[in-house]
Structures are given as C-alpha cells and as structure tokens.
Amino acid sequence: MSASLKELLAGVVVLVSKEAVQHQGISLSMEGLVNLQLSSKSVGVFEAFYNSVKPIQLISSNIEVAKAGKIPGGKTEIPFEFPLQTKGNKVLYETYHGVFVNIQYTLRCDVKRSLLAKDLSRTCEFMVHSQPQKAKVLPTPVDFSITPDTLQNIRERNLLPKFLIRGHLDATNCVISQPLTGEVVVENSQVPIKSIELQLVRVETCGCAEGYARDATEIQNIQIAEGDVCHSLSIPIYMVFPRLFTCPTLETTNFKVEFEVNIVIVLHDDHLITENFPLKLCRI
C-alpha cells in the first residue's frame, strides 16, 4: 500500500475467522512521524537538543470502519479510504529510513472486544512519495581527475605512488528514480589497483537553535572493478538509489537529509584514494 500527496489512502481490512466473532467496534488509525536522534558522539554536547527531540507529528487521524457487532465466520473484507490531509501547515515528507532521521507512515487496525477477550491489533507501514518537482531537472555533469596533487588531508604527499585516474558523473542533480551513471578511467598507476568502489553516503543533520549534529553514514557500497584493471579502459559507473534509504534532498528547521557519493580506489599497498561528490536528489 502506498500513497502520494493529495491522494487517498485506500484499501480493505481483511478479517478471517473460523467462526463468528463478537466485537465492540473496528477502527483505523493513521500516523506520520519524523523521529530524530543524536549519535553517541553528540550526546552530552547538545543536551539542549533533548528538549526538541520529540517526534515531529506530520499527520494523525482515525476512522471507525465498523460499529460494534458480529463478524461472520470465513473471510470478511471492509473497504476504507483515508484522505491524506495534514493539520495546519505541516508537510508530508517522503518516506525515509535513516540512522538519525526516520520518516515513517503507519496504519493501525484495532478490533475492540469484550472484557474477557483480548483486543486485536495489526500495524503496517505505507509509503509516501513527495510531490514531483515542477521545474525541469537540468543535468549537471562533473568531470574529475585524481592525482596525488588533488588529494586533500594528505600529510606525506611525496610518499604517495604516482597515479592518474579520471572520469565523469553524468549528473549530480539526480532524479531519485533513475540510476547514477558515469565512467572512471585509470590512465596510469605506479602501484597495482586492488579494487574500485562506489559508496553512497547519507548526511543527516539534527538540531535546534542551540546546535546541530551532523553525521555521515554509508548506505551502500558497490564494487565496480576488481584487481589491477587495464589502463585507459572506460569502466562504467551505475548505481540505483535504494527506495527506503534515500529520499529527495530535504532541508527543514530541525533536520536535513543530504546525499554524497564517493569513488574509492583501493591500491595493493592498501592506500585508499577517495573522491567525494555531493548529490542533490529530486523526484519528477
């Protein structure tokens, strides 16, 4: 079950029982929450953050789908419809499962029963897609060239082996439903190459007026080449954005969700060469 904004969440409640069941009413509750938390390294640094770390409620409503009565034996289906309407000026952000930011929409069905029988309850998650972006997404190709001189945070640059790795990403303004593509070419390298990998990273920022905690965590790592690849050979870059662990780039008062991709070259002497590219994800 999934829904887009300005749509109805529709479905059926299915009840299966061998014999007739007496109940005191059947209801559905829909809720959308943003849950924020701090990483262990930030706890204590932003103690004031805990005053604003309560879940942010995006949507909440409930309906009665059946009044007290009896469900016959066998299979019973009760259709329902829920309008996706927020209260006030709240925005329904796209479903996203992160480490420090989690945006989740759930639907719970409750069957109330008499005092001697236990109430029945079942919860399921439904997905929300954000509204498609109205403006056209212009491709933003990026060419890159990696040498010992282009690397940052290097102490003993003169001890690095000589290498030249170039390539391009077809776009860093990315449509979330389309793959990230490009190519990488090893022109030369003094030390044999062990592996070339593509690492997708989420950068989650949580905070309030007193301070912000920013944490980067890996979503997925794809090996695009193994061993000492042929020099001057074009190696394709192709990465699909995973549905639950990515969403359109998001910036709000209390939190941000951003994305980056790293091209990682592992040399045989275990030197790691990394080139970082910020991405902007959107839905069209």
Side-chain angles (χ1 to χ4, degrees), residues 2-7 34 36 58 91-105 125-146 150 152 165-186 195-206 212 214-225 234-265 272-284:
S2 65
S4 298
L5 307 195
K6 294 185 180 176
E7 288 186 353
V34 181
L36 306 176
L58 303 176
V91 176
L92 291 191
Y93 306 119
E94 184 156 318
T95 298
Y96 166 72
H97 290 194
V99 179
F100 307 108
V101 177
N102 205 61
I103 305 169
Q104 195 167 19
Y105 299 87
E125 181 179 7
F126 65 94
M127 308 300 157
V128 168
H129 283 180
S130 60
Q131 287 279 48
Q133 185 174 303
K134 290 179 182 176
K136 275 193 171 183
V137 179
L138 298 174
T140 47
V142 173
D143 293 319
F144 60 87
S145 183
I146 312 169
T150 64
Q152 297 177 349
I165 296 155
R166 63 175 182 81
H168 71 268
L169 294 178
D170 293 328
T172 52
N173 271 357
C174 303
V175 177
I176 199 167
S177 56
Q178 297 172 9
L180 174 73
T181 57
E183 67 173 25
V184 60
V185 178
V186 179
S195 176
I196 301 177
E197 295 158 12
L198 207 56
Q199 181 188 46
L200 183 62
V201 172
R202 67 196 139 209
V203 183
E204 296 167 321
T205 305
C206 301
Y212 287 84
R214 189 174 186 269
D215 294 279
T217 51
E218 180 185 295
I219 298 173
Q220 65 182 10
N221 192 308
I222 297 173
Q223 186 180 47
I224 59 174
S234 174
I235 299 164
I237 290 171
Y238 188 95
M239 176 183 276
V240 173
F241 295 109
R243 171 61 194 92
L244 281 178
F245 308 119
T246 55
C247 65
T249 300
L250 192 55
E251 184 170 349
T252 76
T253 308
N254 296 96
F255 66 94
K256 289 197 289 187
V257 182
E258 300 164 296
F259 299 92
E260 300 174 350
V261 68
N262 292 322
I263 294 175
V264 182
I265 294 101
L272 277 182
I273 302 163
T274 303
E275 189 79 356
N276 175 270
F277 302 92
L279 300 177
K280 184 175 182 183
L281 303 190
C282 62
R283 187 173 293 282
I284 61 168

Student: Would you say the side chain of D143 lies within less than 4.5 Å of the side chain of P141, judging by non-hydrogen atoms?
Tutor: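 In short, these two side chains do not touch, never coming nearer than 4.5 Å.
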Student: So L198 and V261, do their side chains get closer than 4.5 Å, heavy atoms only?
Tutor: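 Of all side-chain heavy-atom pairs linking L198 with V261, at least one is under 4.5 Å.
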Student: Provide the full list of salt bridge (charged side-chain N to carboxylate O under 4.0 Å, His left out) pairs with a residue in residues 241-251, sequence neighbours left out, each pair given once.
Tutor: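 Every pair satisfying salt bridge (charged side-chain N to carboxylate O under 4.0 Å, His left out) with a residue in residues 241-251: E94-R243.
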Student: Quick check for you: to the nearest 0.5 Å, what is the distance between F245 atom CZ and L200 atom CG?
Tutor: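 Rounded to the nearest 0.5 Å, the CZ-CG separation comes out at 11.5 Å.
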Student: Determine, using ring centers only, whether F277 and F144 are less than 6.0 Å apart.
Tutor: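 Judged by ring-centre distance (under 6.0 Å), F144 and F277 do meet the cut-off.
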Student: What's the spacing between I196 CD1 and I263 CD1 if we round to 0.5 Å?
Tutor: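 If I round to the nearest 0.5 Å, the distance is 9.0 Å.
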Student: Is S130 reaching over with its side chain to a backbone N or O of Y93, donor-acceptor style, under 3.5 angstrom?
Tutor: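 No, S130 side chain to Y93 backbone: no donor-acceptor pair under 3.5 Å.
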Student: Please name the pair of heavy atoms, one in D170 and one in P139, separated by the smallest distance, quoted to 0.1 Å.
Tutor: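 That closest heavy-atom pairing would be O-CB, 4.3 Å.
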Student: Over all heavy atoms of both residues, which pair between F241 and T246 is shortest? Give the atoms and the distance, please.
Tutor: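 The pair with the smallest heavy-atom distance is CB-OG1, 3.8 Å.
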Student: Is it true that a side-chain atom of T95 and a backbone atom of V128 form a donor plus acceptor pair closer than 3.5 Å?
Tutor: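 Side chain of T95 to backbone of V128: a pair is present.
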Student: Measuring from atom CD of Q223 to atom CD of Q199, what distance do you get when rounded to the nearest 0.5 angstrom?
Tutor: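 Nearest 0.5 Å value for the CD-CD distance: 13.5 Å.
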Student: Mind listing the closest non-hydrogen atom pair of V185 and S234 along with its distance?
Tutor: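 That closest heavy-atom pairing would be CG2-CA, 3.8 Å.
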Student: For Q220 and V240, indicate whether the former's side chain and the latter's backbone hold a donor-acceptor pair under 3.5 Å.
Tutor: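 Checking the backbone N and O of V240 against the side chain of Q220, a donor-acceptor pair under 3.5 Å is found.
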Student: So, does E204 use its side chain to make a donor-acceptor pair with the main chain of V99 at under 3.5 Å?
Tutor: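 At least one qualifying donor-acceptor pair exists.
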Student: Closest heavy-atom contact between V184 and I224?
Tutor: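 Nearest pair, atom of V184 first, then I224: CG1-CD1, 3.9 Å.
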Student: Check the side chains of T274 and N262 for a donor-acceptor pair under 3.5 angstrom, ignoring hydrogens and angles.
Tutor: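 Looking only at side-chain atoms, T274 and N262 do not form any donor-acceptor pair under 3.5 Å.
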Student: Given 3.5 Å as the limit, does a donor-acceptor pair link the side chain of T249 with the main chain of K280, or not?
Tutor: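 Not at all, since once roles are kept as given, no pair shorter than 3.5 Å links the two residues.
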Student: Check whether any side-chain heavy atom of T217 sits under 4.5 Å from a side-chain heavy atom of F100, and report yes or no.
Tutor: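 Yes, close enough: below the 4.5 Å cut-off.
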Student: Quick one: CE on M239 to OG1 on T181, what's the gap to the nearest 0.5 Å?
Tutor: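 Rounded to the nearest 0.5 Å, the CE-OG1 separation comes to 12.0 Å.
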Student: Considering only heavy atoms from C-beta outward, does the side chain of I176 approach that of P248 to under 4.5 Å?
Tutor: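 Result yes, sub-4.5 Å side-chain heavy-atom pair found.
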Student: So which atom in V201 and which in I219 form the shortest heavy-atom distance, rounded to 0.1 Å?
Tutor: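 Between these two residues, the closest heavy atoms are C-CD1, 4.2 Å.
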Student: Hey, mind stepping through C206 and V101 against side-chain contact (heavy atoms from CB on, under 4.5 Å) and telling me if it holds?
Tutor: CA-CA 8 Å; C206 301; V101 177; 3.7 Å; yes
Student: So, taking the atom named CG in L180 and the one named OG1 in T172, what distance separates them when rounded to the nearest 0.5 Å?
Tutor: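 Going from CG on L180 over to OG1 on T172, the span is 9.0 Å.
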Student: What's the spacing between I103 CD1 and L244 CG if we round to 0.5 Å?
Tutor: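 Between I103 CD1 and L244 CG, I get 12.0 Å after rounding to 0.5 Å.
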